[in-house]
Amino acid sequence: MPILNADLHCHSVVSDGTLTPEELAARAAANGVELWALTDHDEIGGQQRAAAAARAHGVKYLTGTEISVSFAGETVHILGLGFDASDAEMTRGLRQTRGGRGARAREMSEQLARVGIHGAYEGALKYAGNPELISRTHFARFLVEAGVCKDTGEVFRRYLTDGNPGFVPHRWASLKAAVQWITGAGGMAVIAHPARYKFTANEEFALFSEFKAHGGRGVEVVTGSHTAAEYVRYADTAREFGLAASRGSDFHSPGESHTDLGQLPFLPGELTPVWEVLADRIQ
């Protein structure tokens, strides 16, 4: 298969991005993306809009989501690609996963109030729209708007991260459940941006081993937060575990994201791209 400009990881206003699915589709097309997936956090409500917009721009489409999972004390993200977006079991599982966000957000706001930052929940909700989908990103945007920090990078250095005000851990889905929702709906489970997790070598080996044992089949090798050395490292991991390789910018917003849609290096050639495995799921 020829080299493909595929971008299979980005976020819209349906979760914590700032563009609509339609705006993202237009941006992807303008940037030369040939195969696209919208992967909102724990949410598939934008899938029909994204697929229709991709079609209108002549861009091929795979359904997508990014599921939050708790593993070894860390939050890990598992991408689902090429699934049936009307699958009842997956829809139910994602709704349960989202359900804990509202209570967590109120606790985050209470912590920030204790250090003199008031109205954070209401401020973050203005960006989120839906209390079920409120996240740290929405709090970060509020803290920038309120002048507490100059940009979202400073927010995450000073607040909302482990050991800092506003950090509240959340129990997400299990790795097994997330992989089973995706595969049960006919899709492929992919470990997102593996270099971002603060795992020891043994913990990372356990993650990949357990993921594969549950039916996971892919890993994001080339992504916005990986360095060139990490592309090589996770290409090796893909080969070691017999996983297909994915590519995605993790684009959230023109003002915040380092990597734009479709602007990543191509996958190393000796890997099996996820889109080859999912060829019959491409719309």
Side-chain angles (χ1 to χ4, degrees), residues 9-24 27 38-46 49-50 65-70 73-77 93-173 192-193 196-198 224-225 249-261:
H9 188 170
C10 69
H11 301 273
S12 77
V13 292
V14 175
S15 64
D16 61 344
T18 61
L19 302 183
T20 64
E22 292 80 7
E23 288 167 335
L24 285 169
R27 193 178 187 96
L38 172 64
T39 56
D40 281 314
H41 289 284
D42 305 309
E43 176 61 87
I44 50 179
R49 290 170 61 187
T65 190
E66 185 174 17
I67 303 178
S68 306
V69 162
S70 295
E74 278 270 337
T75 297
V76 170
H77 290 153
L94 291 177
R95 191 181 303 120
Q96 284 174 352
T97 300
R98 291 195 303 272
R101 285 183 186 267
R104 176 184 181 231
R106 290 190 180 279
E107 202 176 324
M108 288 163 68
S109 183
E110 286 165 15
Q111 279 199 26
L112 290 169
R114 287 200 286 272
V115 295
I117 301 166
H118 298 281
Y121 177 79
E122 292 75 15
L125 189 59
K126 186 175 72 178
Y127 287 99
N130 181 351
E132 270 195 354
L133 295 170
I134 196 166
S135 73
R136 290 189 309 162
T137 306
H138 301 121
F139 277 89
R141 290 180 187 141
F142 163 73
L143 290 173
V144 172
E145 177 200 33
V148 176
C149 297
K150 67 178 189 301
D151 56 33
T152 53
E154 184 187 346
V155 172
F156 288 115
R157 286 191 297 275
R158 294 177 55 196
Y159 302 97
L160 313 182
T161 48
D162 200 358
N164 290 317
F167 175 73
V168 180
H170 181 75
R171 285 295 306 168
W172 302 111
H193 42 58
R196 277 190 26 194
Y197 312 123
K198 297 176 180 68
S225 57
S249 58
D250 197 6
F251 180 82
H252 283 72
S253 166
E256 296 169 13
S257 298
H258 301 299
T259 307
D260 207 341
L261 284 158

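Computed from a predicted structure; not experimentally measured. What's counted below: heavy atoms across the whole structure, side chains too, no hydrogens, waters or symmetry copies.
- Contact record, Arg101 with Ser68: NH2-OG, 3.7 Å, taken as the closest heavy-atom pair.
- Put simply, the side chain of Glu23 never gets that close to the backbone of Leu19: no donor and acceptor are under 3.5 Å apart.
- Across every non-hydrogen atom of Arg158 and Asn164, the tightest pair is O-CB, 3.4 Å.
- Two residues are said to be in side-chain contact when any heavy atoms from C-beta on lie closer than 4.5 Å; Thr20 and Arg49 meet this criterion.
- Among residues two or more places apart in sequence or in another chain, the side chain to side chain donor-acceptor pair (under 3.5 Å) test is passed with Thr97 by none.
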Output, in order, the C-alpha distance, side-chain angles, deciding distance and verdict of side chain to side chain contact (heavy atoms under 4.5 Å, CB included) for Met108 and Ile134. CA-CA 11 Å; Met108 288 163 68; Ile134 196 166; over 6 Å; no
Before giving the answer on side chain to side chain contact (heavy atoms under 4.5 Å, CB included), spell out for Thr137 and Tyr127 the whole-Å C-alpha distance, their side-chain angles and the decisive distance to 0.1 Å. CA-CA 9 Å; Thr137 306; Tyr127 287 99; over 6 Å; no
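- Every pair passing salt bridge (Lys or Arg N to Asp or Glu O under 4.0 Å) that includes a residue from residues 104-131 is listed here, sequence neighbours excluded: Lys126-Glu145.
- Here the CG-OG distance, from Leu133 to Ser15, works out to 7.0 Å after rounding to the nearest 0.5 Å.
- Contact detail for Tyr121 and Pro131: the closest heavy-atom pair is OH-CB, 3.8 Å.
- To the nearest 0.5 angstrom, Cys10 atom SG is 10.5 Å from Glu66 atom CD.
- Under a 3.5 Å cut-off, the side chain of Ser70 and the backbone N or O of Trp172 do form a donor-acceptor pair.
- Using a 4.5 Å heavy-atom cutoff, the side chains of His138 and Asp16 are in contact.
- Residues Asp250 and Arg196 are in side-chain contact: their nearest non-hydrogen atoms beyond the backbone lie under 4.5 Å apart.
- Minimum interatomic distance between Asp42 and Arg98 (heavy atoms only, all atoms of both residues): O-NH1, 2.9 Å.
- Salt-bridge formation is detected for the pair Arg27/Asp260: a Lys NZ or Arg NE/NH1/NH2 atom is positioned less than 4.0 Å from an Asp or Glu carboxylate oxygen.
- Atoms CZ and CG, on Phe167 and Leu112 in that order, are 13.0 Å from each other to the nearest 0.5 Å.
- Considering all non-hydrogen atoms of both residues, Phe142 and Ala120 come closest at CE2-CA, 3.4 Å.
- The main-chain N or O of Gly45 is found under 3.5 Å from a side-chain atom of Glu43 such that the two form a donor-acceptor pair.
- Closest approach of Val14 and Pro21 over heavy atoms only: CG2-CG, 4.4 Å.
- Taking CZ from Phe156 and SG from Cys149, the interatomic distance works out to 10.0 Å, rounded to the nearest 0.5 Å.
- Here CG of Leu143 is found 12.0 Å from CZ of Arg136. Values are rounded to the nearest 0.5 Å.
- The pair Lys198-Asp162 does not count as a salt bridge, with every side-chain nitrogen at least 4.0 angstrom from each carboxylate oxygen.
- Judged by distance alone, the side chain of Tyr197 and the main-chain N or O of His77 form a donor-acceptor pair under 3.5 Å.
- To the nearest 0.5 Å, the span separating CZ on Arg157 from OG1 on Thr152 amounts to 9.0 Å.
- The closest donor-acceptor contact from the side chain of Ser109 to the backbone of Ala105 lies at 3.5 Å or more, if one exists at all.
- Not counting sequence neighbours, the partners of His11 by the ring-ring contact (aromatic ring centres under 6.0 Å, His included) test are His9, His41, His252.
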